[in-house]
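Every heavy atom of this structure was used, including side-chain atoms; hydrogens, water molecules and symmetry mates were not. Residue numbers begin at 1 in each chain, while the letters A, B, ... track the order of the sequences.
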Amino acid sequence: MAVGRPGCVEDHAAEVRLPFIPDLCEHVQKPHEGVRGRSVRAGQGREGVKSPEGQSVAVHEEQFFLFQGTHILCVQIVSYLRYNNPLSPFMHKSAGKKRKQGGTPSMTEKARVRFAPSPTGALHIGGGHTALFNWLWARHTGGSFILRIEDTDRARSTKEFEDTIMSGLEWLGLDWDEGPDRGGSYGPYRQSERLDLYHDTADRLVKEGKAYREGDAVLFRVPPGIALRFDDVVYGSIEMMSDTLKDVVMIKSDGMPTYNYAVVVDDHFMEITHVIRGEDHISNTPKQLLLYDALEWERPAFGHLPMILGTDKKKLSKRQGATSVYEYRDMGYMPDSMFNFLALLGWSAGEENEIFSRNEAVEIFELSRVTKRPAVFDMDKLNFINQEHIRRMDPFDRLALVEPFWREMNLPVDAHSREYLASSLDVLAGRGQTAKQVAGYSDYFLSFEPVKERYDGSDVKKEQLPILRRFYGELFSLPEWKASDLETFTREWSEREGVKMKEIAMPFRMALTGMKVSPGIFEVAEQLGREESRRRIAHFGFTG
RNA sequence: GGUCCCAUCGUCCAGUGGCCUAGGACACAGCCCUUUCAAGGCUGUGACACGGGUUCGAAUCCCGUUGGGACCGCCA
């Protein structure tokens, strides 16, 4: 039969001779064991697909297929042909296909986006996440990333927090093009320095009768019966009736603007194109829409980001551990991994490649691909990502990362050359998920002291000593002190003497590192050098 | 309480009406490798919240239910 020739479904259907159809339908109505099982899916290599009977299988472009000479076929083709064949009496409705809406917005437009923290605390994970997505969008579109300080809360805002937020952003590698510290043509970038702008604009609204004074404050009069609708770049269409809103305060009695009013004024005058912020601002947006419309200003695009939750699925708070980005830095996470990890919360590049650099992320980032549902902050994944980044680092960068933790442990960092230290970390070969762990796993490269503190050699039984002494005696007189030679020799020796590798390698490991877990012990021995290794072995009396 | 938003493995994502017997990653378990531990390789456990529609066909569209969350400040 002719079914199965590649082509569009309509062609296909036309070629099916109706007499076959009832036959096939019967088959499907009483599906017996195996019909489904014997189906072959048209996957990647649809070309040489064979049926279990060895007959060639005709595969349709649309994955409808059947085996020639048999009645086994996909349920789908039967139902499809039955209802869509023009000759069929079942063809009652036109299976009109809806046009797919073209999803991706053009990204040729340079975006002007901003991160607008209030300096009332350290840079938290959520803030870092928001800043990161803004930054990504700015860099992806070749636009600008602006830092604006929203310090209209006189009681809680401090300069210290402003500085600490900026250094947090720097640590994450998020550089801004305009901001209070580096200026720009849309300044000033602190709301407390833009008061005239807010007052002038408020006066205009009062004059137009759209706002009114109440004491020293100015409130916006919310008109009833207005549908406030906007298309969120990530959430889609959102609508709210103005009747559910109370009049919005624009200027507080102390003369400061409120958040909902100041953002509108600033985003307008700073010519922000995309307002990218946390999902908790969705319900603020309609109020701002009202202001934009009353002021007859063009609205920016809005893109809200999913919230980041703790393991308990509640908003991240101190109770679930570290919430500020510095705490992660101090635990030994590196900025690249933090960036990578945060970027993966609410977004993905598609399939593979979860480990990426800033530049790679910039390249492939797409605002419209951001996820809607809240994401849980998963330490396990952060650990994994951090480990991957540490592994891939340049040895000297890795050294710079680990060094502070060694110093904190009072290890004699300066007693060694940079080369020695960097290659010691290379011997570790990616062991350790944080810089802190790496430092802890590698202390024996810097000093014998911690080894002596955790190991005293007492676990070696008296009857083992003669064997060990004989072994080490020969080992230390090897002409070359290289890992490969040490290993070859040890293997041969253990074979010859009938001693298990483990029995001589473990004491060796314990004596050199004081740990029962370490990199390959011969690599460690080579890195330590013959003399230092001999000294450690001798200390425990394993040689003599 | 009112309004709005969300709902795929334990977690993060893929999925935009038929390539889904729902894919990947982390985590977990097992095996391999092996001087230990990582790494690596292989395998496994594991999800479309529920109920109705629409459709020949629904994880995907619609409605409802349930469950989460956010906002409702002269905080931002």
Ranking A:Ile238 and A:Ser283 by the position along RNA chain B of their nearest nucleotide, the one closer to 5' is A:Ile238
Distance, C1' atom - from B:G52 to B:U43, rounded to whole angstrom: 41 Å
For B:C75, does OP1 or OP2 lie under 4.0 Å from any side-chain N or O of A:Lys252? yes
Just the rounded figure in Å: distance from C1' of B:C74 to CD of A:Glu214. 10 Å
Can you tell me the pairing partner of B:A29 across any strand shown, Watson-Crick or G-U wobble, with both distances under 3.5 angstrom? B:U43
Say you pick atom P in B:G64 and the same atom in B:A27; how far apart are they, in whole Å? 41 Å
Base-pairing assignment for B:A70 (Watson-Crick or G-U wobble, both under 3.5 Å): B:U3
Please confirm whether any donor atom in the side chain of A:Ser348 sits under 3.5 Å from an acceptor in the base of B:C13, or the reverse. no
Is A:Thr152 near enough to B:A76 that one of its side-chain N or O atoms lies under 4.0 angstrom from OP1 or OP2? yes
Categorize A:His304 for me: base, sugar-phosphate, or nothing, with a 4.0 angstrom heavy-atom threshold over every strand shown. nothing
When you measure from the side chain of A:Glu279, which nucleotide among B:C13, B:C4, B:A70 comes out closest? B:A70
Atom-to-atom span, CZ of A:Phe161 to P of B:C75 - whole angstrom: 18 Å
Nearest-Å distance for atom pair CD1/C1', residues A:Ile308 and B:C6: 16 Å
Would you check if there is a donor-acceptor pair between the side chains of A:Asp336 and A:His389 at a distance under 3.5 Å? no
Taking the C1' atom of each, how far is B:G18 from B:C31, in whole Å? 38 Å
Given 3.5 Å as the limit, does a donor-acceptor pair link the side chain of A:Thr513 with the main chain of A:Met510, or not? no
Expressed as a whole number of angstroms, how long is the span from A:Lys313:NZ to B:C5:P? 20 Å
For B:A58 versus B:G17, give the span between their C1' atoms, rounded off to a whole number of Å. 7 Å
Could you give the distance separating B:U55 and B:G23 at their C1' atoms, to the nearest angstrom? 26 Å
Please report the distance, rounded to the nearest Å, between CZ in A:Phe133 and P in B:C12. 14 Å
Any donor-acceptor N or O pair under 3.5 Å, side chains A:Arg509, A:Ser518: yes
Quote, to the nearest angstrom, the P distance that separates B:G51 from B:U60. 12 Å
Would you say the rings of A:Phe302 and A:Tyr235 are close, in the sense that their centroids are separated by under 6.0 Å? no
Quick check, are the ring centers of A:Tyr259 and A:Tyr198 under 6.0 angstrom apart? no
When you measure from the side chain of A:Asp247 to the backbone N and O of A:Arg221, does any donor-acceptor pair fall under 3.5 Å? no
Assign each of A:Val370 and A:Asp151 the nucleotide of RNA chain B bearing its closest heavy atom; nearer the 5' end lies the nucleotide of A:Val370
Nucleotide-resolved protein contact map, nucleotides 26-37 of chain B, B/S/- at heavy-atom distance under 4.0 Å: SS------SBBB
Does B:G68 have its OP1 or OP2 closer than 4.0 Å to a side-chain nitrogen or oxygen of A:Arg373? no
Starting at NZ of A:Lys372 and ending at P of B:C12, how long is that distance when rounded to a whole Å? 17 Å
Pairing nucleotide - B:A58, Watson-Crick or G-U, each distance under 3.5 Å: none
In this structure, how many angstroms lie between the C1' atom of B:C74 and the CE atom of A:Met256, rounded? 12 Å
NA contact type, A:Thr120, heavy-atom cut-off 4.0 Å: base, sugar-phosphate, or nothing? nothing
Hey, what do you get for CZ (A:Phe445) to CD (A:Gln527), rounding to the nearest 0.5 Å? 5.5 Å
Applying the Watson-Crick and G-U wobble criteria at under 3.5 Å, what pairs with B:G17? Answer none if nothing qualifies. none
For B:C9, which nucleotide in any strand shown is its Watson-Crick or wobble partner with both distances under 3.5 Å? none
What interatomic distance, in whole Å, is found between C1' of B:A47 and the corresponding atom of B:C62? 24 Å
Closest to the side chain of A:Ala375, out of B:A39, B:C5, B:C13, is B:C13
Tell me whether the rings of A:Phe522 and A:Phe508 are parallel (<30°), tilted (30 to 60°) or perpendicular (>60°). tilted
Residue A:Arg156, side-chain atoms from C-beta onward, closest of B:C71, B:C75, B:A76: B:C75
Can you tell me the Watson-Crick or wobble partner of B:U34, both distances under 3.5 angstrom? none
Within the structure shown, what part of the strands sits under 4.0 Å from A:Asp280 by heavy-atom distance: base, sugar-phosphate, or nothing? sugar-phosphate
Quick one: A:Met240 CE to B:A70 P, roughly how many Å, whole number? 15 Å
So, A:His281 versus A:Asn284: side-chain donor-acceptor pair below 3.5 Å or not? yes
If you measure from the C1' atom in B:A14 to the same atom in B:C19, how many Å do you get, rounded? 15 Å
Students often get this wrong, so: under 4.0 angstrom with heavy atoms, is A:Ser253 touching a base, only sugar-phosphate, or nothing? base
Is any side-chain N or O of A:Arg369 closer than 4.0 Å to OP1 or OP2 of B:G15? yes
Who does B:C75 pair with, Watson-Crick or G-U, both distances under 3.5 Å? none
Aromatic contact, A:Phe471 with A:Phe542 (centres under 6.0 Å): no
Quick check, are the ring centers of A:Tyr333 and A:Phe341 under 6.0 angstrom apart? no
Measure from the side-chain heavy atoms of A:Tyr235 and tell me the nearest of B:A76, B:C6, B:C4. B:C6
Scan every strand shown for a Watson-Crick or G-U wobble partner of B:A49, both distances under 3.5 Å, and answer none if you come up empty. B:U65
